[in-house]
Amino acid sequence: MSSIPTTASEIAAAIAAKEITAREVIDAHLARINARESDIHAFNKVMADEARAHADAIDADIAAGRPVGPLAGVPIALKDNMCTRGVETTCSSKILEGWKPPYDATVVTKLREAGAIVVGKTNLDEFAMGSSTENSAFGPTRNPLDIERVPGGSSGGSAAAVAAGFAPVSLGSDTGGSIRQPAAMCGVVGVKPTYGRVSRYGLVAYASSLDQIGPFATTVADAALITEAIAGHDVHDSTSIPQDVPSFVEAAGQGVKGMRIGRVTDLPEGAEPEVTARLNAAFAALEAAGAEIVDVQLPSLSYALTAYYLIAPAEASSNLARFDGVRFGLRVNAPDTNAMYGATRAAGFGDEVQRRIMLGTYALSAGYYDAYYGKALKVRRLIADDFNRAYEKVDVILTPTSPVVAFKFGEKVDDPMSMYLCDIYTIPTNLAGHPGMSVPFGTGAHGLPVGIQVLAPALGEVPMFRVGGALEAAAGGAQ
Ligand code: GLN
């Protein structure tokens, strides 16, 4: 067997050129999973047989000279909140254990059409609520760089799968930072596209006005490649944007000459000093690469966390009402229907999910609606206005992704507020509906990776990938 390339684009090219087979690629990744998965627990389910069969089918097509997709033979891991037809989709919740969706999410269909091979469903904080993967009903995922530490969350399994080399690329979902924050903590690239850029059809909803699917990868070019493959209008998602998708891969290599990069002078405090030092190094590197650094203000940013923890739980309390023991997964029998609902939901939902449902129900209840939910929506508008004003002066904005590097298990899990603060820099973008990405940029405390976040206006993925590519090039030189 010749050596297996590491990136998705190299793998696709080598398979298309018949230098290696899709089967060799899959077997190599499954061997890595076998060797380390018991320590990492990136997956809820490894789909070894299905993946091998898919690889063999691709190899047969190539041998027969039939056309194959641009991602033919590329292994990909999916967060276990994306529907896969006939394959358990649990959201890492007991309430959905054993449920097999009758359809594929649009992103899954698109990836399969492009020839990508699904290797498994990855672990997450239950229903994507959390920042460490400790809220999974099936046990936490461990950070491949230090297994005493969390991989971040909620897409911790997808981030860890890429960091451990179980797959060159994976998909996560980001409602308040759940792609970017674990990417930062595992030292990989993570992208949250513009709200509506990627179809949410078949993504189990957490907070529908904020949720967005995006990729993890080891390089910015691979992240661009996968974003391109999953983006585009979908009639099955009424919030998906009817806009053509430009080449993000090209953008990733264009450099930043003449671009204006925003530095937020009133950024909420709380970042570790080593993280702030990396942010300053990132500004210096982009300036050296030909960009101009411009100061901007985002005065409403300090209210973002509060607004998010009203809006997201409010939407979650409504979305999760459908899990009642009647239509999906778990049912705990009881003497009457109401008692059955209660018993099922009490047994099926973990503590954090129950906390969010109660917070959200309270925020939406008569008499409190205007004071909490209504006020949060006004704050959301102010945050979007702040960003739009800033983007009159700059093309992108740079911040840290996470204020802290990967922390140890148990450090924050009993203190929801300190866990919620992990997303202080990622949440505002979700509220505005804008794209954002995290790019590894050196290390901070304990030699652990630090991610720099690149934010851009709605549909600004091209400038975002340009800056992401430049940061990656500079990080390579700096380490
Ligand atoms: N950590 C945040 C939360 O718990 C964001 C989660 C996400 O983006 N899915 O809600």
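Everything numeric here is computed off the predicted structure, so don't read it as measured data. We count ligands from 1, going down the list as the structure has it; atoms in each ligand are counted the same way.
- At distances below 3.5 Å, not a single donor-acceptor pair connects side-chain atoms of Asp324 with backbone N or O atoms of Tyr341.
- Residues lining ligand 1 at a heavy-atom distance below 4.0 Å are given as Ala128, Met129, Gly130, Ser131, Ser154, Asp174, Thr175, Gly176, Gly177, Ser178, Tyr206, Tyr308, Tyr309, Arg356, Asp423, ordered by chain and residue number.
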Only pairs under 3.5 Å count here: list side-chain donor-acceptor contacts from residues 93-107, not counting sequence neighbours, and write none if there are none.
residue: Ser93; atom: OG; partner: Ile95; partner atom: N; Å: 3.2
residue: Ser93; atom: OG; partner: Glu126; partner atom: OE2; Å: 2.7
residue: Ser93; atom: OG; partner: Gly348; partner atom: O; Å: 3.4
residue: Asp104; atom: OD1; partner: Arg85; partner atom: N; Å: 2.7
residue: Asp104; atom: OD2; partner: Arg112; partner atom: NH1; Å: 3.1
residue: Thr106; atom: OG1; partner: Asp234; partner atom: OD2; Å: 2.6

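- Among residues two or more places apart in sequence or in another chain, the ring-ring contact (aromatic ring centres under 6.0 Å, His included) test is passed with Tyr309 by Tyr420.
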- Query: Step by step, would you call Asp386 with Arg389 a salt bridge (Lys or Arg N to Asp or Glu O under 4.0 Å)?
  - Reply: CA-CA 5 Å; Asp386 274 4; Arg389 251 191 310 275; 3.0 Å; yes
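- Between Phe127 and Phe323, the distance from one ring center to the other falls under 6.0 angstrom.
- In this structure, the side-chain hydrogen bond (donor to acceptor under 3.5 Å, both in side chains) partners of Asp237, at least two apart in sequence or on a different chain, are Thr239.
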